[in-house]
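Take a look at the structure below.
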Amino acid sequence: MKIAIYPGTFDPVTNGHLDILERAVKLFDKVIISVARNSTKNTIFTEDERIALLKIVSKKYKKVQVESFSGLLVEYARRKKATAIVRGLRVISDFEYEFQMALANRRLHEDVETVFLMPNEKYTYLSSSIVREVARLNGNVRDFVPPVIQRALKKKWKQQGR
Ligand code: ADP
(Lines give C-alpha, C1' and ligand atoms only; values in the text may rest on other atoms or scores of the structure.)
Protein backbone atom coordinates (compact mmCIF):
# COMPACT_ATOMS: atom_id res chain seq x y z
CA MET A 1 0.00 0.00 0.00
CA LYS A 2 1.63 3.23 -1.16
CA ILE A 3 0.60 6.12 1.04
CA ALA A 4 1.33 9.79 0.28
CA ILE A 5 0.92 12.90 2.38
CA TYR A 6 -0.18 16.07 0.63
CA PRO A 7 0.60 18.81 3.15
CA GLY A 8 -0.30 22.46 2.95
CA THR A 9 -2.17 25.40 4.38
CA PHE A 10 -5.11 25.24 1.96
CA ASP A 11 -6.45 28.69 2.89
CA PRO A 12 -8.57 27.99 0.89
CA VAL A 13 -8.19 24.95 -1.34
CA THR A 14 -8.04 26.02 -5.02
CA ASN A 15 -8.46 24.31 -8.38
CA GLY A 16 -4.65 24.18 -8.52
CA HIS A 17 -4.53 22.11 -5.32
CA LEU A 18 -7.23 19.83 -6.72
CA ASP A 19 -5.31 19.39 -9.96
CA ILE A 20 -2.32 18.13 -7.97
CA LEU A 21 -4.56 15.93 -5.82
CA GLU A 22 -6.05 14.29 -8.88
CA ARG A 23 -2.58 13.47 -10.19
CA ALA A 24 -1.49 12.11 -6.79
CA VAL A 25 -4.57 9.88 -6.58
CA LYS A 26 -3.47 8.20 -9.81
CA LEU A 27 -0.04 7.41 -8.38
CA PHE A 28 -0.78 6.30 -4.83
CA ASP A 29 -3.13 3.91 -3.05
CA LYS A 30 -3.98 6.46 -0.41
CA VAL A 31 -3.45 10.23 -0.23
CA ILE A 32 -3.73 12.04 3.08
CA ILE A 33 -4.36 15.76 2.68
CA SER A 34 -2.73 17.19 5.77
CA VAL A 35 -3.51 20.67 7.00
CA ALA A 36 -0.52 22.14 8.80
CA ARG A 37 -1.64 23.14 12.28
CA ASN A 38 1.47 24.91 13.46
CA SER A 39 1.75 27.11 10.41
CA THR A 40 3.10 30.58 11.07
CA LYS A 41 0.71 31.91 8.45
CA ASN A 42 -2.29 34.03 9.40
CA THR A 43 -5.19 32.25 7.83
CA ILE A 44 -8.67 33.54 7.04
CA PHE A 45 -10.27 30.12 7.47
CA THR A 46 -9.84 28.26 10.75
CA GLU A 47 -8.25 24.84 10.74
CA ASP A 48 -11.65 23.18 11.20
CA GLU A 49 -13.14 25.18 8.34
CA ARG A 50 -10.27 24.28 6.01
CA ILE A 51 -10.59 20.61 6.90
CA ALA A 52 -14.36 20.65 6.41
CA LEU A 53 -14.01 22.35 3.00
CA LEU A 54 -11.26 19.96 1.92
CA LYS A 55 -13.45 17.01 2.88
CA ILE A 56 -16.29 18.34 0.75
CA VAL A 57 -14.18 18.96 -2.35
CA SER A 58 -12.34 15.64 -2.12
CA LYS A 59 -15.23 13.38 -1.19
CA LYS A 60 -15.43 11.90 -4.69
CA TYR A 61 -12.06 10.22 -4.15
CA LYS A 62 -12.33 7.06 -2.08
CA LYS A 63 -8.56 7.02 -1.53
CA VAL A 64 -8.36 10.47 -0.01
CA GLN A 65 -8.41 11.29 3.67
CA VAL A 66 -8.21 14.75 5.26
CA GLU A 67 -6.71 15.59 8.61
CA SER A 68 -4.46 18.07 10.34
CA PHE A 69 -0.99 17.59 11.73
CA SER A 70 1.38 19.43 13.97
CA GLY A 71 5.08 19.03 14.56
CA LEU A 72 7.60 17.76 12.08
CA LEU A 73 6.14 16.72 8.75
CA VAL A 74 8.51 13.77 8.36
CA GLU A 75 7.64 12.42 11.81
CA TYR A 76 3.98 12.68 10.94
CA ALA A 77 4.65 10.90 7.62
CA ARG A 78 6.46 8.14 9.48
CA ARG A 79 3.54 7.69 11.88
CA LYS A 80 1.18 7.45 8.92
CA LYS A 81 3.45 4.92 7.19
CA ALA A 82 3.65 7.24 4.20
CA THR A 83 6.49 6.83 1.74
CA ALA A 84 5.95 10.10 -0.11
CA ILE A 85 5.26 13.77 0.44
CA VAL A 86 3.49 15.36 -2.51
CA ARG A 87 4.10 19.02 -3.34
CA GLY A 88 3.00 21.09 -6.30
CA LEU A 89 5.50 23.03 -8.40
CA ARG A 90 4.06 25.92 -10.33
CA VAL A 91 6.86 28.23 -11.25
CA ILE A 92 10.61 28.58 -10.79
CA SER A 93 10.04 30.76 -7.76
CA ASP A 94 8.49 27.78 -5.92
CA PHE A 95 11.56 25.74 -6.61
CA GLU A 96 14.13 27.18 -4.24
CA TYR A 97 12.01 26.87 -1.12
CA GLU A 98 10.63 23.46 -2.08
CA PHE A 99 14.09 22.12 -2.91
CA GLN A 100 15.43 23.27 0.45
CA MET A 101 12.51 21.72 2.33
CA ALA A 102 12.76 18.46 0.42
CA LEU A 103 16.46 18.09 1.17
CA ALA A 104 16.01 19.02 4.82
CA ASN A 105 13.20 16.49 5.13
CA ARG A 106 15.33 13.83 3.49
CA ARG A 107 18.09 14.51 6.00
CA LEU A 108 15.59 14.07 8.81
CA HIS A 109 14.02 10.95 7.40
CA GLU A 110 15.67 9.06 4.52
CA ASP A 111 12.70 6.86 3.73
CA VAL A 112 10.19 9.54 2.85
CA GLU A 113 10.57 10.81 -0.70
CA THR A 114 9.28 14.22 -1.77
CA VAL A 115 7.45 14.01 -5.07
CA PHE A 116 6.81 17.15 -7.12
CA LEU A 117 3.89 17.30 -9.47
CA MET A 118 3.20 20.00 -12.03
CA PRO A 119 -0.33 21.26 -12.46
CA ASN A 120 -2.02 22.00 -15.75
CA GLU A 121 -0.46 25.21 -17.15
CA LYS A 122 -3.69 27.08 -16.59
CA TYR A 123 -3.16 26.83 -12.83
CA THR A 124 0.46 27.94 -12.71
CA TYR A 125 -0.49 31.47 -11.68
CA LEU A 126 -3.02 30.37 -9.08
CA SER A 127 -2.45 30.56 -5.35
CA SER A 128 -4.62 30.72 -2.24
CA SER A 129 -3.41 34.26 -1.60
CA ILE A 130 -4.53 35.45 -5.07
CA VAL A 131 -7.92 33.87 -4.43
CA ARG A 132 -8.23 35.53 -1.01
CA GLU A 133 -7.30 38.92 -2.44
CA VAL A 134 -9.68 38.72 -5.41
CA ALA A 135 -12.52 37.56 -3.13
CA ARG A 136 -11.79 40.31 -0.61
CA LEU A 137 -12.08 42.91 -3.35
CA ASN A 138 -15.36 41.35 -4.42
CA GLY A 139 -13.97 39.90 -7.63
CA ASN A 140 -15.22 36.72 -9.22
CA VAL A 141 -13.27 33.65 -8.14
CA ARG A 142 -15.43 31.26 -10.18
CA ASP A 143 -12.53 30.08 -12.34
CA PHE A 144 -10.19 29.59 -9.40
CA VAL A 145 -12.07 27.53 -6.82
CA PRO A 146 -14.99 25.06 -6.62
CA PRO A 147 -18.45 26.61 -6.00
CA VAL A 148 -18.51 25.56 -2.33
CA ILE A 149 -15.30 27.51 -1.71
CA GLN A 150 -16.70 30.51 -3.57
CA ARG A 151 -19.67 30.51 -1.20
CA ALA A 152 -17.46 30.05 1.85
CA LEU A 153 -15.33 33.04 0.81
CA LYS A 154 -18.40 35.24 0.33
CA LYS A 155 -19.69 34.27 3.76
CA LYS A 156 -16.32 34.86 5.36
CA TRP A 157 -15.95 38.42 4.06
CA LYS A 158 -19.54 39.20 4.97
CA GLN A 159 -18.90 38.00 8.53
CA GLN A 160 -15.93 40.30 8.66
CA GLY A 161 -18.12 43.18 7.55
CA ARG A 162 -16.41 43.94 4.23
P1 ADP B 1 2.02 25.82 1.94
O2 ADP B 1 1.80 26.86 2.99
O3 ADP B 1 2.56 24.54 2.49
O4 ADP B 1 2.77 26.29 0.72
P5 ADP B 1 -0.32 25.84 0.25
O6 ADP B 1 -1.71 25.46 0.61
O7 ADP B 1 -0.08 27.22 -0.22
O8 ADP B 1 0.55 25.46 1.50
O9 ADP B 1 0.20 24.84 -0.88
C10 ADP B 1 0.25 23.46 -0.66
C11 ADP B 1 0.93 22.80 -1.84
O12 ADP B 1 0.12 22.95 -3.02
C13 ADP B 1 2.30 23.39 -2.19
O14 ADP B 1 3.14 22.36 -2.63
C15 ADP B 1 2.00 24.32 -3.33
O16 ADP B 1 3.12 24.47 -4.20
C17 ADP B 1 0.88 23.56 -4.04
N18 ADP B 1 0.05 24.47 -4.81
C19 ADP B 1 -0.61 25.57 -4.41
N20 ADP B 1 -1.27 26.16 -5.42
C21 ADP B 1 -1.00 25.39 -6.52
C22 ADP B 1 -1.35 25.48 -7.91
N23 ADP B 1 -2.08 26.49 -8.39
N24 ADP B 1 -0.88 24.54 -8.71
C25 ADP B 1 -0.11 23.55 -8.24
N26 ADP B 1 0.27 23.41 -6.97
C27 ADP B 1 -0.16 24.32 -6.12
Side-chain angles (χ1 to χ4, degrees), residues 3-28 30-58 61 63-78 80 82-106 108-109 112-136 139-150 152-153 156:
I3 303 175
I5 304 283
Y6 181 24
T9 312
F10 305 103
D11 187 40
V13 57
T14 68
N15 291 340
H17 289 126
L18 293 175
D19 178 292
I20 297 294
L21 179 67
E22 197 158 335
R23 290 170 203 281
V25 163
K26 288 184 194 148
L27 296 173
F28 298 97
K30 182 166 151 188
V31 178
I32 308 175
I33 305 177
S34 309
V35 176
R37 197 182 295 157
N38 50 349
S39 167
T40 47
K41 294 185 180 174
N42 277 327
T43 60
I44 61 161
F45 289 100
T46 65
E47 179 192 323
D48 287 347
E49 287 168 337
R50 283 177 282 144
I51 289 176
L53 291 170
L54 279 163
K55 280 187 177 161
I56 294 170
V57 298
S58 67
Y61 303 109
K63 298 175 171 181
V64 173
Q65 198 179 310
V66 184
E67 56 184 50
S68 64
F69 78 99
S70 57
L72 269 184
L73 176 61
V74 283
E75 286 306 326
Y76 166 73
R78 205 203 299 250
K80 291 287 161 185
T83 50
I85 293 169
V86 169
R87 296 287 289 173
L89 265 192
R90 289 161 289 190
V91 282
I92 294 281
S93 53
D94 279 344
F95 180 77
E96 201 167 311
Y97 172 75
E98 294 292 344
F99 187 62
Q100 197 179 14
M101 287 293 290
L103 291 185
N105 282 334
R106 181 187 283 166
L108 293 167
H109 189 11
V112 180
E113 209 60 64
T114 303
V115 176
F116 293 105
L117 297 174
M118 269 75 73
N120 186 304
E121 308 84 83
K122 67 183 180 203
Y123 297 131
T124 49
Y125 65 90
L126 191 53
S127 67
S128 296
S129 59
I130 293 273
V131 167
R132 290 195 302 270
E133 191 59 8
V134 172
R136 187 177 70 83
N140 197 337
V141 291
R142 191 181 49 207
D143 293 341
F144 306 156
V145 295
V148 64
I149 306 296
Q150 232 179 303
L153 279 161
K156 183 59 75 176

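Counting starts at 1 for both ligands and their atoms, following the listed order. In this text, all values refer to a predicted model and were calculated from it rather than measured experimentally.
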Would you say Thr14 and ligand 1 have an N/O pair spaced under 3.5 Å apart? no

Within a distance under 4.0 Å of any heavy atom of Arg87, pick out the atoms of ligand 1 and give their elements. 1 (P), 3 (O), 4 (O), 10 (C), 11 (C), 13 (C), 14 (O)

Per-atom contacts, ligand 1 versus Leu126 - under 4.0 Å to a heavy atom: 20 (N), 21 (C), 22 (C), 23 (N)

Distance-minimising heavy-atom pair for Thr43 and Asp11: CA-OD2, 3.1 Å

A student checking ligand 1 against Tyr6 at a 4.0 Å heavy-atom cut-off should list atoms 11 (C), 12 (O), 17 (C)

Quick check: Ser128 and ligand 1, any N/O pair under 3.5 Å apart? no

For Ile20, is the nearest heavy atom under 4.0 Å from an atom of ligand 1? yes

Parallel, tilted or perpendicular for Tyr125 and Phe144, by the 30°/60° rule? perpendicular

Show me which atoms of ligand 1 lie under 4.0 Å from any heavy atom of Phe10. 6 (O)

If I take atom NZ from residue Lys122 and atom CG from residue Asp19, how far apart are they, to the nearest 0.5 angstrom? 8.0 Å

Residue pair Ser128 / His17, side-chain heavy-atom distance below 4.5 Å: yes

Give me each pair satisfying salt bridge (charged side-chain N to carboxylate O under 4.0 Å, His left out) with a member in residues 88-103, each pair once, sequence neighbours excluded. Arg87-Glu98, Arg90-Asp94

Does ligand 1 have any atom that is closer than 4.0 Å to a heavy atom of Ala36? no

Counting from 1, what ligand 1 atoms have a heavy atom of Pro119 closer than 4.0 Å? 24 (N), 25 (C)

What verdict does the salt bridge (Lys or Arg N to Asp or Glu O under 4.0 Å) test give for Arg78 and Glu75, after you've listed the backbone C-alpha separation in whole Å, the side-chain angles of each residue and the deciding distance to 0.1 Å? CA-CA 5 Å; Arg78 205 203 299 250; Glu75 286 306 326; 3.2 Å; yes

With respect to Ser127, determine whether any N or O atom, backbone or side chain, lies less than 3.5 Å from an N or O atom of ligand 1. no

Under 3.5 Å between some N or O of ligand 1 and some N or O of Arg90? yes

Counting heavy atoms not belonging to Arg106, are there more than 12 under 6.0 Å from its CZ? no

Polar-atom distance check: Leu89 versus ligand 1, any N or O pair below 3.5 Å? no

Please verify the inter-ring angle class for Phe99 with Phe95; under 30° counts as parallel, over 60° as perpendicular, anything in between as tilted. parallel

Could you tell me if the side chain of Phe10 sits less than 4.5 Å from the side chain of Ile51, heavy atoms only? no

Output the list of atoms in ligand 1 that are nearer than 4.0 Å to some heavy atom of Gly16, sorted by atom number. 22 (C), 23 (N), 24 (N), 25 (C)

